[in-house]
Colleague: 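This is the structure I want to talk about, given as structure tokens.
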Number of protein chains: 2
Amino acid sequence: MTSRTPTDSARDIPEATVARLPVYLRALTSLTEQGIATCSSEELATAAGVNSAKLRKDLSYLGSYGTRGVGYDVDYLRYQIAREIGVTQDWPVVIVGIGNLGHALANFSGFRSRGFRVVALLDADPARKGEEVAGIEVRPFDEIDTIVRENGVAIGVIATPAHAAQDVADRMVACGISSILNFAPTVLTVPPGVDVRKVDLSIELQILAYHEQRKAHGEPL
Amino acid sequence: MTSRTPTDSARDIPEATVARLPVYLRALTSLTEQGIATCSSEELATAAGVNSAKLRKDLSYLGSYGTRGVGYDVDYLRYQIAREIGVTQDWPVVIVGIGNLGHALANFSGFRSRGFRVVALLDADPARKGEEVAGIEVRPFDEIDTIVRENGVAIGVIATPAHAAQDVADRMVACGISSILNFAPTVLTVPPGVDVRKVDLSIELQILAYHEQRKAHGEPL
DNA sequence: AGGAGTTTGTGAACGTGAGAACAAACCGGC
DNA sequence: GCCGGTTTGTTCTCACGTTCACAAACTCCT
Ligand SMILES: NC(=O)c1ccc[n+]([C@@H]2O[C@H](COP(=O)([O-])OP(=O)(O)OC[C@H]3O[C@@H](n4cnc5c(N)ncnc54)[C@H](O)[C@@H]3O)[C@@H](O)[C@H]2O)c1
Ligand SMILES: NC(=O)c1ccc[n+]([C@@H]2O[C@H](COP(=O)([O-])OP(=O)(O)OC[C@H]3O[C@@H](n4cnc5c(N)ncnc54)[C@H](O)[C@@H]3O)[C@@H](O)[C@H]2O)c1
């Protein structure tokens with residue numbers, strides 16, 4: 001089951017580490033832009049907002065890309081992380097639900113610059129058909145099958161109202177999408193093998209509110 | 001330090017539990033809307049997309065609000081969770097940076113319905129001054145001090161470009177905001193006592209890409 | 001060449017979180 | 001009042017994540 005050739009790099013990177021690799025990637029890009037060619041784990045950790053021991057342990061799962069007594073070559077490490085995450089290639093993405101949020105997402109420049117390419121904007125509302133957002137035409141949701149198959153899309157973004165999200169997810173899965181980023185405030189049910197990540201604004205706010213309440217209560221000043 | 005009156009409820013709720021309470025809250029609201037008055041931990045867990053043992057353990061940190069052999073009273077439990085999180089009261093919120101994303105956030109109905117009230121939209125661009133978004137006037141960023149003090153704002157949302165985010169955060173902290181939700185792709189540095197949570201679209205996509213890549217590589221079919 | 005100084009990579013200790021399992025508590029029927 | 005069935009609250013164990021601390025490995029200077 002876990003038999004692999006010795007050539008491919010270390011496997012089984014912990015989930016917590018995977019979640020931080022993109023942060024390191026961004027910090028390294030920022031260092032490159034500042035003309036910095038080499039950095040220590042301490043410097044990179046500061047730029048990424050984490051503990052340096054944690055950073056070193058995270059990087060050790062990828063391999064030994066640093067030099068003791070010196071540090072890391074910024075460009076080299078950046079490439080290694082990008083390769084490990086899989087963003088050296090471009091990932092085609094579809095966005096479904098071109099309302100308030102969908103418009104913002106379509107205009108988001110961070111897609112292109114980080115290895116993702118929006119290949120289609122889809123909406124069920126016939127009134128939106130043909131509308132152009134960020135240089136991309138909005139197409140009917142029914143065309144999802146064709147678009148996904150033609151472009152080899154593996155990642156879908158859901159920005160529809162909550163009540164439509166499960167249906168959209170089902171259609172996505174049916175035509176071969178196996179990774180979903182969900183902005184709708186609903187729990188999605190998907191078959192095994194499909195990954196779902198959610199971004200939920202009100203959950204984040206409520207977590208902040210909880211701590212805020214405790215601050216106010218704990219210190220009567 | 002940890003001396004508390006016996007009247008106030010259980011303290012020190014684990015962070016992982018805090019992050020799930022809003023999910024339970026939403027599931028309970030959904031059950032109420034379906035006219036369901038009582039539910040078992042199993043049912044609620046399914047609705048929230050978690051393990052029932054985990055749900056029961058989470059709820060046990062709040063107190064004993066269920067009845068053995070019966071389950072939980074939906075409305076009662078919902079109130080208890082809302083009270084624990086602190087969303088029985090309304091939290092005033094300011095949004096800074098009314099661009100693509102800021103517009104979407106201003107129009108987001110989930111604020112109001114979940115215990116948050118947008119008291120101001122702020123932007124540094126003079127061209128936006130006076131513009132009305134979602135029935136709220138966009139005001140100059142410099143007015144943040146007045147607005148925060150007059151409304152007792154504790155929570156701020158940052159939707160500016162990355163290069164402006166740290167400055168905005170500093171200004172927020174200076175005028176008394178102690179919880180920040182950051183949409184800009186930057187690491188924010190804030191003094192102790194201030195909470196920052198980030199929502200980062202490209203990180204989420206990169207995590208999906210990592211798993212997607214491994215799916216493709218692991219199974220040569 | 002060797003030693004002082006620096007920084008990585010990792011083993012080991014600690015803390016937090018997840019899930020299985022079960023006793024305690026409750027309900028309804030008789 | 002008691003018994004069988006049900007569901008909670010909690011305990012126990014294991015897995016995962018974080019942090020410390022240090023040997024190994026490198027550079028630079030003499
Ligand atoms: N606006 C925000 O800032 C924000 C923030 C967090 C979460 N959200 C969530 O994101 C989702 C979208 O928010 P919004 O403000 O853009 O809503 P919106 O109503 O402006 O847009 C929703 C869009 O989805 C389309 N749609 C509806 N059903 C569809 C279907 N079955 N298939 C395809 N398209 C469909 C609609 O035609 C509409 O264009 C909501 O679930 C909302 O709760 C929004
Ligand atoms: N658009 C998206 O869907 C999306 C998704 C994820 C993250 N983001 C991030 O959110 C941020 C905003 O994205 P956007 O697409 O809305 O950008 P935008 O350029 O459309 O809007 C930014 C707004 O911030 C204002 N601003 C700039 N400097 C400011 C300052 N110092 N004080 C106050 N206001 C200031 C600008 O005037 C502008 O109105 C960016 O950091 C972006 O990376 C956007």
Side-chain angles (χ1 to χ4, degrees), chain A residues 1-2 9-24 27-28 31 36-74 76-78 80-81 84 187 203 207 210-211, chain B residues 2 9-24 27-28 31 36-74 76-78 80-81 84 203 207 210-211:
Chain A
M1 190 67 78
T2 48
S9 53
R11 296 300 94 193
D12 265 28
I13 298 179
E15 200 49 42
T17 296
V18 171
R20 282 187 294 265
L21 291 179
V23 180
Y24 304 153
L28 288 166
L31 290 178
I36 298 170
T38 296
C39 70
S40 69
S41 64
E42 203 76 47
E43 292 164 325
L44 183 53
T46 303
V50 301
N51 184 302
S52 71
K54 184 148 62 178
L55 171 79
R56 287 199 300 279
K57 177 147 267 193
D58 283 343
L59 295 184
S60 77
Y61 291 113
L62 314 189
S64 271
Y65 297 130
T67 309
R68 297 176 190 216
V70 180
Y72 301 93
D73 180 284
V74 173
Y76 181 58
L77 182 58
R78 187 165 60 120
Q80 292 300 338
I81 295 179
E84 191 68 40
V187 176
I203 287 182
I207 295 171
Y210 170 80
H211 293 297
Chain B
T2 49
S9 52
R11 297 299 96 192
D12 264 30
I13 298 179
E15 200 50 40
T17 296
V18 171
R20 281 187 294 265
L21 290 179
V23 180
Y24 303 154
L28 288 166
L31 290 178
I36 298 171
T38 295
C39 69
S40 68
S41 64
E42 203 76 47
E43 290 163 327
L44 184 53
T46 303
V50 301
N51 184 302
S52 70
K54 185 151 59 179
L55 170 78
R56 288 199 300 277
K57 183 168 238 187
D58 284 341
L59 295 183
S60 76
Y61 291 114
L62 314 189
S64 273
Y65 297 130
T67 309
R68 297 175 191 219
V70 179
Y72 300 93
D73 181 286
V74 173
Y76 181 60
L77 181 59
R78 186 164 63 122
Q80 293 299 340
I81 294 180
E84 191 69 40
I203 288 181
I207 295 171
Y210 169 79
H211 292 296

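Lettering follows sequence order; numbering is per chain, from 1.
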Colleague: Starting at atom CG of A/D12, determine the distance to atom P of D/dG17, rounded to an integer number of angstrom.
Modeller: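 The distance from CG of A/D12 to P of D/dG17 comes to 11 Å, rounded to the nearest Å.
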Colleague: So B/L62 and B/L21, side chain to side chain contact (heavy atoms under 4.5 Å, CB included) or not? Walk me through it.
Modeller: CA-CA 10 Å; B/L62 314 189; B/L21 290 179; 4.1 Å; yes
Colleague: Are B/L44 and B/V74 close enough, and set up right, to give a side chain to side chain contact (heavy atoms under 4.5 Å, CB included), and what steps lead you there?
Modeller: CA-CA 9 Å; B/L44 184 53; B/V74 173; over 6 Å; no
Colleague: Counting heavy atoms from C-beta on, name the nucleotide in D/dT27, D/dG9, D/dC20 closest to the side chain of A/N51.
Modeller: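 Among the listed nucleotides, the one closest to the side chain of A/N51 is D/dC20.
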Colleague: Would you indicate which nucleotide in D/dC20, C/dA18, C/dG19 comes nearest to any side-chain atom of A/A53?
Modeller: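 Closest of the options to the side chain of A/A53: D/dC20.
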Colleague: Considering heavy-atom distances to DNA chain D, does A/R56 or A/A16 have its closest nucleotide positioned more toward the 5' end?
Modeller: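 Between the two, 5'-proximity favours A/A16.
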Colleague: Let me know, please, whether B/T17 or A/S41 comes out on the 5' side of the other along DNA chain C by nearest nucleotide.
Modeller: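 On the 5' side of the pair lies A/S41.
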Colleague: Can you figure out which of C/dT8, D/dG17, C/dG17 approaches the side chain of A/Y72 most closely?
Modeller: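 Per side-chain heavy atoms of A/Y72, the pick is C/dT8.
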Colleague: Output the rounded distance in Å from CG (A/L59) to P (C/dT7).
Modeller: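 Going from A/L59 (CG) to C/dT7 (P), I get 16 Å.
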Colleague: Starting from P on C/dT16, measure out to CZ on B/R20 and report it in whole angstrom.
Modeller: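 My rounded result for the distance is 15 Å.
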Colleague: Mind calculating the distance between NZ (B/K57) and P (C/dA21) to the nearest angstrom?
Modeller: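 Distance, rounded to whole Å: 15 Å.
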Colleague: Whole angstrom is fine here: how far is it from CD in B/Q80 over to C1' in D/dT8?
Modeller: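 Going from B/Q80 (CD) to D/dT8 (C1'), I get 16 Å.
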Colleague: May I ask you to test the A/Y72-A/L28 pair for a side-chain heavy-atom distance under 4.5 Å?
Modeller: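 The answer is no; the side chains never approach within 4.5 Å.
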Colleague: When you measure only distances, ignoring hydrogens and angles, does the side chain of A/K54 come within 3.5 Å of the base of D/dG17 through a donor and an acceptor?
Modeller: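 Side chain to base: no pair present.
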Colleague: Output the rounded distance in Å from CZ (B/R68) to C1' (C/dC26).
Modeller: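 So the CZ-C1' distance, B/R68 to C/dC26, works out to 9 Å.
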Colleague: Given atom CG of B/L62 and atom P of D/dT10, what is their separation to the nearest angstrom?
Modeller: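 For the pair B/L62 CG and D/dT10 P, the rounded distance is 12 Å.
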Colleague: Are A/Y24 and A/L55 packed together at the side-chain level, in the sense that at least one heavy-atom pair is separated by less than 4.5 angstrom?
Modeller: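 A/Y24 reaches A/L55 side chain to side chain.
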Colleague: At less than 4.0 Å, is any side-chain N or O atom of A/S64 found next to OP1 or OP2 of C/dG9? Yes or no.
Modeller: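 Yes, within the criterion.
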Colleague: Any idea which heavy atoms bring B/E84 and B/I13 closest together, and the distance?
Modeller: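 Closest approach of B/E84 to B/I13, heavy atoms only: OE2-CD1, 3.5 Å.
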Colleague: Classify B/E42 by what it touches in the nucleic acid, base, sugar-phosphate, or nothing, heavy-atom distance under 4.0 Å.
Modeller: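 Here B/E42 touches no strand at all.
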Colleague: Over how many whole Å does the gap from A/Y61 atom OH to C/dT8 atom P extend?
Modeller: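 Interatomic distance, OH of A/Y61 to P of C/dT8: 17 Å.
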